[in-house]
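Note sheet for the following structure.
Atoms considered below: every heavy atom in the structure, side chains included; atoms not considered: hydrogens, waters and symmetry mates. Residues: numbered from 1 along the sequence shown. Predicted model, so just to flag it, every value in this text is computed and none were measured.
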Amino acid sequence: MELSITTPALLFPAISLMMLAYTNRFLALASLIRNLHAIYKKEPAEKHLVPQIHNLRVRIRLIRSMQAFGVLSFLMCIICMFSIYQSWSVMSYISFGASLLSFGISLVISLTEIFMSLRALELELSDMEELTRASLFKDILKREGKQPGK
């Protein structure tokens, strides 16, 4: 396979969009952490704050890792393009492979963070006992005009 300078250049927009999404997630979490910190200052005895704070701490670290691997992917793309420009074919293949690997690792970490985000939402909803699956199913049936058992 011939590696041209346009091949690694195709990753630039994907990596840029990914980094923008990661930055938005980071900013949303930072805002949430500030809000929880203010609540904790007022009510340190709130029982559900400690698991949420732990979850947010882990998620912030994951986002930091996602961003680091995204930046590494970007740098490897630049090295690959420079290697192609200098006609260093072995180096260009290695750096392109490293760029793809870094990009993939970043996406896997992102998926992990998304699952943690879902767990955090489930934790938030866990104290609302009236929202059980059975009552939710009954509410859906009522909206459609049907009664359970009929």
Side-chain angles (χ1 to χ4, degrees), residues 1-137 139-140 143:
M1 177 182 107
E2 183 68 30
L3 193 61
S4 71
I5 201 156
T6 58
T7 305
L10 291 173
L11 281 179
F12 271 77
I15 296 170
S16 297
L17 286 173
M18 179 187 69
M19 294 299 291
L20 181 63
Y22 293 169
T23 301
N24 287 340
R25 289 193 73 77
F26 178 81
L27 292 174
L29 280 183
S31 175
L32 185 59
I33 289 170
R34 287 185 185 97
N35 290 339
L36 282 178
H37 184 262
I39 293 170
Y40 182 77
K41 286 287 192 179
K42 291 179 187 173
E43 302 284 332
E46 283 283 331
K47 65 179 182 176
H48 72 282
L49 286 181
V50 174
Q52 287 180 351
I53 291 170
H54 174 71
N55 182 285
L56 290 172
R57 183 182 306 268
V58 173
R59 287 175 57 201
I60 284 290
R61 289 180 183 146
L62 285 173
I63 290 175
R64 179 185 60 200
S65 297
M66 291 162 28
Q67 290 174 326
F69 278 104
V71 168
L72 184 62
S73 180
F74 226 138
L75 288 173
M76 288 292 115
C77 264
I78 292 169
I79 291 170
C80 178
M81 292 174 75
F82 182 75
S83 298
I84 292 169
Y85 178 73
Q86 293 295 324
S87 298
W88 300 336
S89 63
V90 174
M91 183 62 179
S92 64
Y93 283 104
I94 292 171
S95 57
F96 186 67
S99 178
L100 289 177
L101 182 65
S102 297
F103 191 71
I105 291 171
S106 179
L107 292 174
V108 168
I109 296 170
S110 176
L111 187 62
T112 304
E113 195 274 331
I114 289 169
F115 286 132
M116 287 197 73
S117 174
L118 291 173
R119 245 186 283 143
L121 290 173
E122 288 172 3
L123 180 67
E124 186 70 27
L125 293 174
S126 68
D127 61 348
M128 294 189 281
E129 289 298 324
E130 64 271 5
L131 289 178
T132 62
R133 290 181 189 196
S135 66
L136 184 62
F137 183 67
D139 289 342
I140 292 171
R143 286 186 203 145

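- For the pair His37/Ile53, no side-chain contact is recorded, criterion being any heavy-atom separation below 4.5 Å from C-beta on.
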Give every donor-acceptor pair under 3.5 Å between a side-chain atom in residues 100-116 and any protein atom, sequence neighbours left out.
unit_1	atom_1	unit_2	atom_2	d
Ser102	OG	Ala98	O	2.9
Ser106	OG	Tyr22	OH	2.9
Ser106	OG	Met66	O	3.0
Thr112	OG1	Val108	O	3.1
Glu113	OE1	Arg25	NE	2.6
Glu113	OE1	Arg25	NH2	2.8
Glu113	OE2	Arg25	NH2	3.3
Glu113	OE2	Arg59	NE	2.8
Glu113	OE2	Arg59	NH2	3.1

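- Taking 4.5 Å as the limit, every side-chain heavy atom of Cys80 sits out of range of all side-chain heavy atoms of Thr7.
- Applying the side-chain hydrogen bond (donor to acceptor under 3.5 Å, both in side chains) criterion to Ser99, with sequence neighbours excluded, gives Ser73.
- The CD atom of Gln67 sits 13.5 Å away from atom CG of Leu72, with the distance rounded to the nearest 0.5 Å.
- Side-chain contact between Gln52 and Asn55: absent, with no pair of heavy atoms (C-beta onward) separated by less than 4.5 Å.
- Put simply, CG on Leu27 and CG on Leu32 are 12.5 Å apart, with the number rounded to the nearest 0.5 Å.
- Contact of the Ile84 side chain with the Ser4 side chain is not registered, since no non-hydrogen atoms from C-beta on lie closer than 4.5 Å.
- Ser95 OG to Leu3 CG: the interatomic distance, rounded to the nearest 0.5 Å, is 7.5 Å.
- The two residues Gly70 and Met19 come nearest to each other via the heavy atoms CA-SD, 3.8 Å.
- Listed here is the closest heavy atom pair of Pro8 and Ile5: CD-O, 3.5 Å.
- Judged as a side-chain contact (heavy atoms from CB on, under 4.5 Å), and not counting sequence neighbours, the contacts of Arg64 are Arg61.
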Should Lys42 and Ile39 be marked as a side chain to side chain contact (heavy atoms under 4.5 Å, CB included) after you check the CA-CA gap, both sets of side-chain angles, and the distance that decides it? CA-CA 5 Å; Lys42 291 179 187 173; Ile39 293 170; 5.9 Å; no
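- More than 12 heavy atoms of other residues, nucleotides or ligands sit less than 6.0 Å from atom OH of Tyr93.
- Once rounded to the nearest 0.5 Å, the distance linking CG of Asn24 with CG of Leu29 reads 11.0 Å.
- In this structure, Ala9 and Met81 approach most closely via the heavy-atom pair CB-CE, 4.0 Å.
- In this structure the side chain of Phe96 reaches within 4.5 angstrom of the side chain of Leu11, judged on heavy atoms.
- Annotation: side-chain contact (heavy atoms from CB on, under 4.5 Å) contacts of Ile33 (sequence neighbours excluded): Leu56, Ile60.
- The ring pair (Phe, Tyr, Trp, His ring centres under 6.0 Å) analysis of residues 56-87, with sequence neighbours excluded, yields the pairs Phe12-Phe74, Phe82-Trp88.
- Here Ser31 pairs with nothing under the side-chain hydrogen bond (donor to acceptor under 3.5 Å, both in side chains) rule; sequence neighbours left out.
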